[in-house]
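Structure first, then comments.
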Amino acid sequence: MNKLTQKGVFKGLNQENIDLYLLDTVDSTNTFAKEKPLTKDYIVVISEQQTAGRGRQGKKWYSPEGGNIYMTIKFLDSNPAPLSLIIGLLISEAMDTISGQKINASLKWPNDLLINKKKICGILIESEVNADNVEFIVGIGINYSLPTKESWWGEIGELADILPREKLINCILKNIIYYLENGYENWKDAWEKRCIHMGIELEAISNNQKDNEIGIFKGINEEGKMLLQTKNELKIISSGECSIKGIY
Ligand code: BTN
């Protein structure tokens, strides 16, 4: 496992804007970042392992040591586009950029990244609303290699040769910072192009599991909400996740 260096992580970035924490271990990079006041434009926290990694919907995020990515970036955002979808898109694009080829990691609504139909990256977005702004805390977990895993979890594995961890982190940071400072005009089209379930049947799982809906996925709207053609109507679904036969 190659140790991450400040020089590599920051290459080409304006270091004066960023508070960087490169840690060996931490409970959760999101929790750590939440507790730190934003005195520069960005806080970036990266750890080699997490003892209490957190996933979406109160789930745990398995975070053993061994060359995976556990990273959080904290910032203020006033862009209108839905951050949760944009971040997955920017990570997928970073993978193509640094590998120099079409890795084409696919996107699964709202913000999972898949390679060969297996989840290799999860994104947890939290926010803190203050008197005059909203701070976003964006946690990214990317699995390179796991000693044990569920059937639907994937790994970067041998792709690590063309997706080295430090370069990927650096490119993801560059993409996110560029987006925050410049926006992303055609993000919706770009997201839909990389989506793995355009036009196919899926089950939208609601947060309370009670209002699940089956239908054909018709894309997203400008707010990143799911457009689902059910038997009776075109439904707009704003939260939850989705389940697809043969994937997860
Ligand atoms: C998901 O459930 O898909 C989201 C997983 C997010 C995991 C990352 S790892 C870095 C950051 N710190 C955490 O505790 N969680 C996120």
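Ligands are counted one by one from 1 in listed order, and the atoms in each one are counted from 1 as well. Only heavy atoms go into these numbers, but all of them, side chains included; no hydrogens, no water, no symmetry mates.
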Partners of Thr97 by side chain to side chain donor-acceptor pair (under 3.5 Å), sequence neighbours excluded?
none
Which of these passes side-chain contact (heavy atoms from CB on, under 4.5 Å) with Leu173: Val9, Leu168, Ile140, Leu90?
Val9
Report each N/O pair between ligand 1 and the protein that falls under 3.5 Å, naming both atoms.
from: ligand 1; atom 1: 2 (O); to: Arg56; atom 2: N; distance (Å): 2.7
from: ligand 1; atom 1: 3 (O); to: Lys119; atom 2: NZ; distance (Å): 2.6
from: ligand 1; atom 1: 12 (N); to: Thr29; atom 2: OG1; distance (Å): 3.0
from: ligand 1; atom 1: 12 (N); to: Gln50; atom 2: OE1; distance (Å): 2.9
from: ligand 1; atom 1: 14 (O); to: Ser28; atom 2: OG; distance (Å): 2.8
from: ligand 1; atom 1: 14 (O); to: Gln50; atom 2: OE1; distance (Å): 3.4
from: ligand 1; atom 1: 14 (O); to: Arg54; atom 2: N; distance (Å): 2.7
from: ligand 1; atom 1: 15 (N); to: Arg54; atom 2: O; distance (Å): 2.7

Once side chain to side chain donor-acceptor pair (under 3.5 Å) is applied, do any residues pair with Asn116, and if so which ones, sequence neighbours excluded?
none
Could you tell me which non-hydrogen atom of Leu89 sits nearest to which non-hydrogen atom of Tyr184, and how far apart they are?
CD2-CE1, 3.7 Å
Who pairs with Thr5 by side-chain contact (heavy atoms from CB on, under 4.5 Å), at least two apart in sequence or on another chain?
Lys7, Glu166
Taking atom types as modelled, find out whether Asn30 and Glu126 have a side-chain donor-acceptor pair closer than 3.5 angstrom.
yes
